[in-house]
Every structure is written in C-alpha cells, then in structure tokens.
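See below for the structure under consideration.
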Number of protein chains: 2
Amino acid sequence: MAEEGTSTRARHTDVREPVGEDHPTCQLRDILDRVGDKWSVLVMHLLGAGPRRYSELQRAVEGISQRMLTLTLRSLERDGLVERAVTPTSPPRVDYALTPVGQTLSAQVAELITWAEQHRAYVAASRARYDAS
Amino acid sequence: MAEEGTSTRARHTDVREPVGEDHPTCQLRDILDRVGDKWSVLVMHLLGAGPRRYSELQRAVEGISQRMLTLTLRSLERDGLVERAVTPTSPPRVDYALTPVGQTLSAQVAELITWAEQHRAYVAASRARYDAS
DNA sequence: CAGGATCCGCAGTGATACTG
DNA sequence: CAGTATCACTGCGGATCCTG
C-alpha cells in the first residue's frame, strides 16, 4: 500500500499491438493459458529448484490430485517445457525437470511472483477499500 | 452484484495449504489468477496503450461479452489496477485507465507476451512431436 | 511408485433481454 | 452508451477405484 505515486515506473517498452483484433490474441492465449493454469506455474516453480520425482511433486504441491499432477506434467512435457525421465527399476521411478526453455519461462514467472510480493499489500488495501463501498 | 467477480476464486481454495517449501504459493495464486484470467490480461494490455472507453474496449477485445467485460473491469478496479472515470454527460461516458501499479503489472505481462512470441515456434514444434507419438 | 479410467458437482462463461 | 439481470451450458478439477 501507500505507493500510489512512488512506484510509477511505467515502462512502456513493449509493443502495444491491437490485441483484440484477431491473431495476436490467439498466440497470447496459448501462453496465458499455460501461466493461468492453476497448477502449471506451481509445478514449474518447484522444478525451477531442480529435478523432482512424481511423488515428491505430489507431496510438495500438497493439495493437487494425481489426476491434475499427471495432466499438468503431460501438458508441460508436450509443450517442451518439462522433461520426463523414466528409470525402469523394480519400483518405477520417474524424474521431471525443466528444459532450458522451460527455465526461461520459469524465470518470467519468478518475476511475476516478485511483482506479486511487492504489490500484495497494495492490492489487499485496494480490495478492502473497494469492498467497503 | 448478484455474482462475485472474477477474482473471487480464492474461495474454493484451501485455507490451509503448506504447499511444500514455498509459502509464496498463496500470494502467488492471487496474482496468477489475475494473469490467468481469460480477459484481464487482454484488457490490461489494451489499456497499456492509454485510456479507453467501455465501448472501445468491447470493440477492441471483440469476442468478449458485456458481462465479462464489466466483470473483468470491476475486478481490476477492485485490485487497484484500473481506474474508472465516469463523465455524467447526456449519454453516459466512462473511461478506464491503468493505475501506476496497473502499469507495472502490464509491463510484466508484456514480457510474458514477448516470451510467448520468442518461443512460440519451439512450443508448436514440441507439441507436434509429442502428438506424433 | 507412477499413472490411467471414470463419475460428477459446480464455478466460470456465453447469449439474451432489459434499464437509466 | 454503459451497464444489470437471468438462464442454461460447458468443462475444469476433485474424489475414487484400478493397473503395470
């Protein structure tokens, strides 16, 4: 909170394309759906710290169902963001890790997280103020 | 409002979620839900180019329903990311603009878009390869 | 241990109609 | 023009059972 005027770091560096028209939106949706996915980001963020096994992920993201974890990993693997390494031992062992490209996206997400931390109080205050009226 | 805004998904989210060794998860959801929202990002990106009227947004994000546009704007306003300026003229006129903080988030989103553009081909190729097996 | 298959509830969304 | 209200549908996501 209390940073109305201080954090006016308006970086208009980007290319403000006519997002709504036709094609720019679609490509955008692709990546946004990925980031917007309830679990994908959490999993990617966890994998950002290093490879993990299936069960480790399931415990780490405690609250995720097997179904969703599998679905999420499959989707990330399909997009080439996560790599799946199977070790056919007596009890099967599967390790997941970010691919180089996956790491770059993970980095972007990390920045988003930083943003969230920096402006969390502000958002909370805004909501409280809004809800009060 | 008979229905909660787009940002009220936190309700079905567990109150107790240790989510592994990462606490940022909770705050993370907040911002991620914002970014993951189907329309929020598009609207914010458009507003990044400057203030727009309600009808302008509706035309620009062609495909969005009045309901969703209103819900999205309300939600963004509630979070202090968008400012609503009403001009009570004969035909009502309402302008929406990003707040300073909203601009910083918009900038983050812009980077995400850049990422998407840079790695779109890679992702597409990965998918094609994956689907082929 | 890793994950496929199935059932199902409900939040999120769209389409439509109405209003100040 | 800028919304609000209502309804009906869809598909995400959770819970549960089963397999290699």
Side-chain angles (χ1 to χ4, degrees), chain A residues 20 25 29 32-43 46-47 51-78 82-97, chain B residues 1-17 19 29 32-43 46-47 51-78 82-97 130 133:
Chain A
T25 305
R29 279 283 160 66
L32 254 32
D33 281 353
R34 167 97 289 128
V35 174
D37 188 56
K38 191 177 178 183
W39 304 110
S40 289
V41 175
L42 292 179
V43 170
L46 273 169
L47 289 179
R52 304 265 180 148
R53 298 182 58 177
Y54 183 89
S55 51
E56 288 177 328
L57 287 173
Q58 191 170 6
R59 260 180 283 107
V61 191
E62 196 165 5
I64 193 174
S65 60
Q66 287 127 339
R67 173 195 162 87
M68 278 302 103
L69 180 54
T70 299
L71 247 42
T72 299
L73 288 169
R74 287 283 175 279
S75 182
L76 289 171
E77 187 192 359
R78 190 172 102 104
V82 157
E83 219 165 18
R84 186 181 127 109
V86 184
T87 310
T89 56
S90 10
R93 177 199 174 102
V94 181
D95 288 87
Y96 290 94
Chain B
M1 49 184 91
E3 183 179 345
E4 305 291 272
T6 354
S7 62
T8 323
R9 303 175 188 157
R11 184 166 42 177
H12 83 293
T13 306
D14 300 352
V15 186
R16 40 101 193 175
E17 42 183 341
V19 193
R29 281 253 201 273
L32 253 33
D33 281 354
R34 166 98 290 128
V35 174
D37 188 57
K38 191 176 178 183
W39 304 111
S40 289
V41 175
L42 292 179
V43 171
L46 272 169
L47 290 179
R52 302 265 182 149
R53 298 183 57 175
Y54 183 90
S55 52
E56 288 178 328
L57 288 173
Q58 190 170 8
R59 258 180 284 106
V61 191
E62 197 164 6
I64 193 174
S65 60
Q66 288 126 339
R67 172 196 163 84
M68 279 302 102
L69 180 54
T70 299
L71 246 41
T72 299
L73 288 169
R74 289 283 176 279
S75 183
L76 289 170
E77 186 192 1
R78 189 172 103 104
V82 157
E83 220 165 16
R84 187 180 127 109
V86 185
T87 309
T89 56
S90 10
R93 177 199 174 102
V94 180
D95 287 88
Y96 290 92
Y130 185 92
S133 46

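Here is the naming used below: chain letters follow the sequence lines, and residue numbers restart at 1 for every chain.
The shortest side-chain heavy-atom distance between B:Leu57 and B:Leu47 falls under the 4.5 Å cut-off. For the pair A:Thr72/A:Lys38, no side-chain contact is recorded, criterion being any heavy-atom separation below 4.5 Å from C-beta on. Put simply, the side chain of B:Tyr54 reaches to within 4.5 Å of the side chain of B:Gln66, judged on heavy atoms.
Atom CD1 of A:Ile64 is separated from atom C1' of D:dG14 by 11 Å (rounded to the nearest Å). What separates CG of B:Leu71 from P of D:dG3 is a distance of 12 Å, to the nearest Å. Whole-Å rounding puts the A:Lys38 NZ to D:dG13 P distance at 7 Å. The distance from atom CZ of B:Arg67 to atom C1' of C:dT16 is 12 Å, rounded to the nearest whole Å. Remark: P of D:dG13 and CG of A:Leu69 are 13 Å apart, rounded to the nearest angstrom. The distance from atom CE of B:Met68 to atom C1' of D:dT4 is 13 Å, rounded to the nearest whole Å. Straight-line distance from the CG atom of A:Asp33 to the P atom of C:dT13: 11 Å, rounded to whole Å. Between the CG atom of B:Leu73 and the C1' atom of D:dT4 there is a distance of 14 Å, rounded to whole Å.
For the pair A:Arg74 and C:dG4, the criterion of a side-chain N or O lying under 4.0 Å from OP1 or OP2 is met. Within the 4.0 Å cut-off from OP1 or OP2 of D:dA2, at least one side-chain nitrogen or oxygen of B:Arg53 is found. Between A:Thr70 and C:dA2 there is no side-chain N or O to OP1 or OP2 distance below 4.0 Å. OP1 or OP2 of D:dA2 has at least one side-chain nitrogen or oxygen of B:Ser55 nearer than 4.0 Å.
The minimum heavy-atom distance linking A:Leu69 with A:Val43 is given by the pair CD1-CG2, 4.2 Å.
The backbone N or O of A:Ser75 sits nowhere less than 3.5 Å from a side-chain atom of B:Tyr130 that would complete a donor-acceptor pair.
DNA chain C is contacted by both A:Tyr54 and B:Gly63; A:Tyr54 maps to the nucleotide lying nearer its 5′ end (nearest heavy atom per residue).
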Restricting to nitrogen or oxygen on both sides, can you table the protein-nucleotides 17-20 of chain D pairs closer than 3.5 Å?
none

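Here A:Asp95 pairs with A:Arg93 under the salt bridge (charged side-chain N to carboxylate O under 4.0 Å, His left out) rule; sequence neighbours left out. Checked against side-chain hydrogen bond (donor to acceptor under 3.5 Å, both in side chains), A:Arg67 has no partners two or more places apart in sequence or in another chain.
Counting non-hydrogen atoms under 4.0 angstrom, A:Asp95 reaches nothing in the nucleic acid.
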